[in-house]
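Being a predicted model, the structure only gives us computed values, none of them experimental. Every chain is numbered from 1 and lettered A, B, ... according to where its sequence line falls, protein lines coming before strand lines.
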Number of protein chains: 4
Amino acid sequence: MAMRGPRGGGAAKRERILRAAIKIFSQKGFFNSKVSEIARAAGVADGTIYLYFKNKDDLLISLFEEKMGEVVTEVRDKIANGDGPLACLRIFIENHMDLLVREAGLMEVIQVELRQSNKFMKEYVPVKFLEYLDVLGGILDAGKKDGTFRPDLNVKTARRAIFGALDEISLAHVLVRKRKYEPAKAATEIYRIFADGLCAAAREKGGATT
Amino acid sequence: MAMRGPRGGGAAKRERILRAAIKIFSQKGFFNSKVSEIARAAGVADGTIYLYFKNKDDLLISLFEEKMGEVVTEVRDKIANGDGPLACLRIFIENHMDLLVREAGLMEVIQVELRQSNKFMKEYVPVKFLEYLDVLGGILDAGKKDGTFRPDLNVKTARRAIFGALDEISLAHVLVRKRKYEPAKAATEIYRIFADGLCAAAREKGGATT
Amino acid sequence: MAMRGPRGGGAAKRERILRAAIKIFSQKGFFNSKVSEIARAAGVADGTIYLYFKNKDDLLISLFEEKMGEVVTEVRDKIANGDGPLACLRIFIENHMDLLVREAGLMEVIQVELRQSNKFMKEYVPVKFLEYLDVLGGILDAGKKDGTFRPDLNVKTARRAIFGALDEISLAHVLVRKRKYEPAKAATEIYRIFADGLCAAAREKGGATT
Amino acid sequence: MAMRGPRGGGAAKRERILRAAIKIFSQKGFFNSKVSEIARAAGVADGTIYLYFKNKDDLLISLFEEKMGEVVTEVRDKIANGDGPLACLRIFIENHMDLLVREAGLMEVIQVELRQSNKFMKEYVPVKFLEYLDVLGGILDAGKKDGTFRPDLNVKTARRAIFGALDEISLAHVLVRKRKYEPAKAATEIYRIFADGLCAAAREKGGATT
DNA sequence: TATGAATGAGACTTCATTCAT
DNA sequence: GATGAATGAAGTCTCATTCAT
C-alpha cells in the first residue's frame, strides 16, 4: 500500500520520513519546521521527501491520515471487546490517555496542528479524525439505545465534549512540564465526570462509579 | 496600560491594529497572515505596527492577553451575581458560547492559535488564559466546599475537561458551516452533561437538571 | 507612469533594474541569469526587484514591451520624414542596423529571447513587436498603393521576410566576433537586395539603386 | 557514427531518444523540458539517456548536428539536379518551407533553440548549420559567376538575409495558429522577393519571374 | 508620530545526474 | 546494457523588520 520508492525498502523509507516529521513537527510546530530538518532526522536527502510526498502540506496531511487511521483501527478493536457502553467509553478514554504515553509525538502534532490544518488547508477534510469521533459517537448511540445513557442526550454535542475534554487534558499533560497526574489516573477522573457528572447528588448506586 | 505608543489617538490606533489582527489571524491563521495585510486592514502603514508592538509575535500575544483579559473581567462580573456553584457554572458555559457569537474572530484566533503559541513561543505564559481557567476552577472549588459537587472531584482535571469541551464545541461551531445547533442550546446540553453526567440512572430530582 | 517605488527615485530604480536585466540577459540568456545577479548589477537587493516586477518572467516581458515601445516610437518618427516608400524602407533598415550599435544588449536579448518567450510564455502577446512589424507593413502598403512596389506583393510575407533578414544579420553581427562589415554598410546591401532583388537583369534606371 | 551506446538495438534506442527530445523540446523549449519527460516519451529510463548522451546539452547539440546533417545532405542532393542558380535557389527555398511540414518538430526546435545554444553554450560551433548556410552561399556564388546575380552582391550578407527571411516566416508559420498561407505558396513569394526585389520597375523580361 | 520603500535572510522545491542493483 | 531511486546544489520568491524622510 503506497509503495512508491525503491524495491521493498521504499515503504520503510517513507515510514522513516513520517516518523521524522512527527518528531520535528511536535518539537517545533509545522510552520517552524524546515523540510531539511525532517530530511536530516530521517537520514535522507531533502529531495527524497518529495519522492514520497507531494509537498510539506502533504506530509502533514499524510501523517494525520495514516497515523490516525492506525489509532482508529486500534481503538475499534479494543472496543469490540467492551462489555456495554460504559465499559466501552472507559476503554476509549483510557486508550486515548494511554496514547499520550505511547505516541507522545504524534499526539502533540495532532493536538496543535490539526486545528490549523483543519481550518486553513484548502480542501482538507480530516477523514480519519472524523472516524475517530464516530467511534465515540457509536458508543454513545449504543448507550442511548440500551438505556445506559439519557434518552435526550445529544450525541453530536456529547462526543465533541468528550473528545474536547480528552484533548485539552492531553494538551495540558504535554505542555505542563511537571506532570501532576498520570494519564491512567486522569482517565478514571474523566470517565467519572462524564459518566456521573460533577454533582454530588447521591446516585443510589453508582453503577457507573466503578 | 493600553497607552503605549503615540499620544492622543494612539490608544485608538493601537486598538484598530489589534482588531485588524484578530480579523486577519482568524481568517488566515497566524503564520499565513502578513503584517502588511494587518496594516492595510487597520488603515496604517506597515511600520506603524512596530510603534505599538515589538513584533508579529508580540501582536499575537498582546491580542491574547488584552482580549482574554476583557473576557476574564466580564465573566467574573457575571459570575459574581450567580446563585450557587451550579448557576455559576451555567453562567460560565453560557457566556463562553455566547462569546462565539459576539466575538467570533477573537474566539477563532484563540482556539486555533493559542495552542501553537502556547507550545512554541519561547517564554510565553498565557497568564490571562490561566486566569480564565481559574475562574472555572473557583466555581468548582466553591461547589466542592458547599457540597454541590463531589468531594473527591479533581478540580484541576475537571476544569480542563470543561474548558476542553467548550473549546472543542466552539471549534466545531466555527469550522462546520452548517451550524446544527445554536450556541445557546449547546450551552444547555454541555451544562447537563457536566452537571448530571451522561447516565440515565435516575436522579431523584435533577437539582441540576434545570 | 508605472511609478511604484520611492518618491521620485522609483522610476529611476525601475529603469536601473531594466538596464541591469538587459545586461545580464544578453550576457547569459534568460534561463541562465539569476535574479540575484540582476539585483547586484542594478545595485539593489534581491527583493527590491519584486517591488517593481511581478516575477522574473514579468521582468523579461516588461523589458520587451517597454524598450520595444521606445524603438517603435523612434522609428515611426524617423519614417515620418521619409520621402516615399523606398526612402522609408531604407530608413527603417538603417535604423534597425543602427540600433545594433546603440542598443546592443537590448537587441541581443530581443533576438535570442523573444522567440522563446513568444512560444513558451503562456498568454504573452508581443504587442510592441507586432507594432514594429506594422511599421514595416505600413511602408510596404504605401509602396503598393503608389506603385513603387509590385501590386501583387504579399505584404504579410514580405514584412516578415525583411524583418527576418534584418534580425538574422543582426544576430550574425552579434555572434560573430570578427565583424566583417559595419552595420551601415550591411544596411545598404540589405536595402538593395530587397529593393532590386538579387538578379543582374538590367534595370533601365536603378530608381531604387541609389 | 550513430552506434554509440549499446549493441544491437542501441542505435534504434538512441534514435528514439532523439525523436522524443525533438518532441518535448519543440513543445516546451529546452529549459522547460525535463530529462525525465524525454525519457518517458522515449520509453526508456532516465539513466538510459546518459548511456547515449553526455548530458542534456549534448542531447540538444547532437539533435542539431545529426538532424541538420540529414537536412543538409538532402538539400544538397536536390540542388545537384537544379538547372541554374535561380532554379537552385527556388529548390532551396521550397525545400526549407517543405521541411516545416515534414519535420515540424525539428524545425521548431531549431528555430527557437539554436539561437540560445549558439550564443550560450560554451564551445558549441553549429557546424551543420553553417554547412546549410554554405549550400545557400554556393548557389549565390555560382549565380555571381555565371552572371545570373549581381556582380557586386555580398554573398555573406545575402545568404544570411535569405536564411533569416525563411526562418522568420517559418517561425510565424509555427507560432501563428491561423495559417494564412501554405508553405508552398509562401516559398514562391519569398523566391520572387529575393529574385526580383520588391520594386515594380519593369524588368524587360522577367527571367526570374517564372 | 507616521510612513512605506528597501532590505536580505531563508525556505521550499526542482531536476540533472549518479550508481547500486 | 538498463533501471529509477536517491541525491543535493541551487534558484525563485516571500515577508518580517528597519530607517530615512
L18(D) versus F53(D): any side-chain heavy-atom pair under 4.5 Å?
yes

Length of the line joining K28(C):NZ and dG11(F):C1', which is rounded to integer Å:
13 Å

What's the CZ-P distance between R40(C) and dG8(E), to the nearest Å?
13 Å

How close or far is atom P of dA16(F) from atom NZ of K54(B), stated in whole angstroms?
16 Å

Length of the line joining R14(C):CZ and dA5(E):C1', which is rounded to integer Å:
15 Å

Would you check if F30(D) and V109(D) make a side-chain contact, meaning some heavy-atom pair closer than 4.5 Å?
no

With nearest nucleotides of DNA chain F determined for G43(D) and I49(A) from heavy-atom distances, which residue corresponds to the more 5′ nucleotide?
G43(D)

Does the side chain to side chain contact (heavy atoms under 4.5 Å, CB included) test come out yes or no for I110(D) and F129(D), once each step is laid out?
CA-CA 10 Å; I110(D) 289 172; F129(D) 169 70; 5.7 Å; no

Measure the shortest side-chain to side-chain distance between V35(A) and Y50(A) over non-hydrogen atoms and say whether it is less than 4.5 angstrom.
yes

Between the side chains of Y52(C) and E15(C), does any donor sit under 3.5 Å from an acceptor?
no

L51(D) side chain: which of dA2(E), dA6(F), dG1(F) is closest?
dG1(F)

In terms of side-chain geometry, is the basic nitrogen of K67(C) or E103(C) positioned less than 4.0 Å from the acidic oxygen of its partner?
no

If you check every side-chain atom of Y52(C), which of dA2(E), dA5(E), dT14(F) has the closest atom?
dA5(E)

Contact nearer the 5' end of DNA chain E, comparing S36(D) with S33(A):
S33(A)

Quick check: on DNA chain E, is the nucleotide nearest F31(D) upstream (toward 5') of the one nearest K56(A), or the reverse? Name the residue that is more 5'.
K56(A)

Less than 6.0 angstrom from the centroid, inside 45 degrees of the normal: does K128(A) satisfy that with respect to the ring of F64(A)?
no

Nucleic acid contacts of residues 19-26 of chain B, taken as heavy-atom distances under 4.0 Å to DNA chain F:
none

Go nucleotide by nucleotide along DNA chain F from the 5' end; which of D57(C) and Y50(B) gets its closest nucleotide reached first?
D57(C)

Find every protein N or O atom lying less than 3.5 Å from an N or O atom of nucleotides 8-10 of chain F, and list the pairs.
unit_1, atom_1, unit_2, atom_2, d
dG8(F), N7, G47(A), N, 3.3

The test is side chain to side chain contact (heavy atoms under 4.5 Å, CB included); show your working for V112(B) and F25(B) and say whether it passes.
CA-CA 10 Å; V112(B) 301; F25(B) 287 160; over 6 Å; no

Calculate the interatomic distance between I38(D) atom CD1 and dC15(E) atom C1'; express it in whole Å.
12 Å

Inspect the contact between E37(A) and K28(A) and indicate whether a charged nitrogen and a carboxylate oxygen are less than 4.0 angstrom apart.
yes

Could you state the atom-to-atom distance from CZ of F30(B) to P of dC15(F) in whole Å?
13 Å

Consecutive-pair stems (at least three Watson-Crick or G-U pairs, under 3.5 Å) that include DNA chain F:
E:2-21 with F:2-21

Donor-acceptor pair between E113(C) and Q116(D) side chains, under 3.5 angstrom:
yes

Counting distance only, does the side-chain N/O of R19(C) pair as donor-acceptor with the main-chain N or O of A42(C) below 3.5 Å?
no

Between P on dT12(F) and CG on D58(C), what's the gap in Å once rounded to a whole number?
15 Å

So, OP1 or OP2 of dG1(F): does either fall under 4.0 Å of a side-chain N or O from K13(D)?
no

Nucleotide nearest N55(C) when distance is taken to its side chain, options dC13(F), dT17(F), dT18(E):
dC13(F)

Would you call K23(A) and E108(A) a salt bridge, taking side-chain N to carboxylate O under 4.0 Å as the test?
no

